[in-house]
Amino acid sequence: MSTIGQKEVNPYEHYGGKGVKIALLDSGVNMYHSHISERLSGVAFRVNRDGWIERHDDVRDYLGHGTAIAALLKYVAPESEIVIGKIFDEKLTCYPSVLARAIDWAVDEGVDIINLSLGMSERFDVVEESCKRAAEAGIVLVAAHDRQSEIVWPAQLDEVYAVEATEIGREQWTFTEHSSIGACGFPRELAEPIQLYNLHGHSFADAHFTAWVARYFEAENVRGNEYVNRMIKQIITV
């Protein structure tokens with residue numbers, strides 16, 4: 001995959017995202033995993049038998065995806081505060097209305113960044129409306145962008161930063177030829193050959209960018225999309 005404007009992210013590598021609140025909307029988290037080992041607050045969302053969206057407190061991760069994403073966020077931005085919005089249960093799918101409800105919840109929680117290591121092949125009004133409300137509240141939304149599989153929503157919304165995996169290092173990122181942000185698609189560093197068989201892809205590239213934004217927010221003591229755009233201009237020269 002061709003890339004342009006590749007540069008190191010070293011100016012912020014010594015920051016940990018202190019004071020930055022991130023909502024992770026995913027499959028929950030295993031609090032006892034060695035890469036987490038702390039109690040993270042959050043709620044779960046599901047559609048009940050009557051067709052209504054309900055909230056409950058079981059944010060345990062039965063799939064491993066959310067835990068791996070949380071581990072990466074804590075690895076790159078260890079001082080950030082992560083809150084969990086569980087929207088996946090037995091498989092990595094959910095109703096668009098559930099995702100929208102979780103985004104609205106994150107807004108009410110007063111987060112600075114919403115990490116969406118997920119995507120859809122269709123554009124849904126209910127999700128778009130929630131993303132707009134989040135952006136209007138000054139919240140940064142970051143979503144995975146998988147052009148090959150045409151899983152491009154909500155990443156392609158104007159209110160969302162689209163991120164895809166590229167063949168670069170963990171401390172680098174780029175603009176791709178399709179105007180997405182390119183980042184490393186691997187999770188936190190693990191001993192070889194385990195690294196090669198671990199989960200990897202666009203979801204982790206998305207989390208890398210989220211963590212870098214958290215670093216930047218701490219370093220510059222700023223929040224909001226305006227400053228993310230400024231960060232991009234400072235670090236990437238096209």
In terms of ring plane angle, is the pair [X] and [Y] parallel, tilted or perpendicular, where the classes change at 30° and 60°?
{"X": "Trp212", "Y": "His208", "result": "tilted"}
{"X": "Tyr216", "Y": "Tyr12", "result": "perpendicular"}
{"X": "Phe45", "Y": "Trp105", "result": "perpendicular"}

Answer yes when [X] and [Y] have at least one side-chain N-carboxylate O distance shorter than 4.0 Å, and no when they do not.
{"X": "Asp112", "Y": "Arg223", "result": "yes"}
{"X": "Lys132", "Y": "Glu136", "result": "no"}
{"X": "Arg230", "Y": "Glu220", "result": "no"}
{"X": "Arg133", "Y": "Asp104", "result": "yes"}

Main-chain N/O of [Y] paired with [X] side-chain donor or acceptor, under 3.5 Å:
{"X": "Ser149", "Y": "Asp146", "value": "no"}
{"X": "Glu79", "Y": "Lys18", "value": "no"}
{"X": "Ser121", "Y": "Glu150", "value": "no"}
{"X": "Arg170", "Y": "Pro187", "value": "yes"}

Side chain to side chain donor-acceptor pair (under 3.5 Å) between His33 and Thr67, worked out: CA-CA 8 Å; His33 193 284; Thr67 300; over 6 Å; no
Exceeds 12 heavy-atom contacts within 6.0 angstrom, atom CD of Glu90: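 No, CD of Glu90 has 12 or fewer neighbouring heavy atoms, counting only those of other groups under 6.0 Å.
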Other residues, nucleotides, ligands: >12 heavy atoms within 6.0 Å of Asp57 CG: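 Count not over threshold, so no.
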Heavy-atom pair of closest approach, residues Met31 and Leu40: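 Looking at all heavy atoms of both residues, the closest pair is CE-O, 2.9 Å.
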Nearest atoms (heavy-atom pairs only) where His65 meets Leu92: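 Heavy atoms only, the tightest pair is CB-CD2, 4.0 Å.
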Identified side-chain contact (heavy atoms from CB on, under 4.5 Å) partner of Asn115 from the options Val140, Asp206, Val163, Leu25: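 Among Val140, Asp206, Val163, Leu25, the one that satisfies the side-chain contact (heavy atoms from CB on, under 4.5 Å) with Asn115 is Asp206.
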Inter-residue atom distance Gln148.CD - His202.NE2, 0.5 Å rounding: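 One finds 7.0 Å between CD of Gln148 and NE2 of His202.
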Under 3.5 Å side-chain donor-acceptor pair for Asn30 and Tyr62: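 Asn30 vs Tyr62: no donor-acceptor pair found between side chains.
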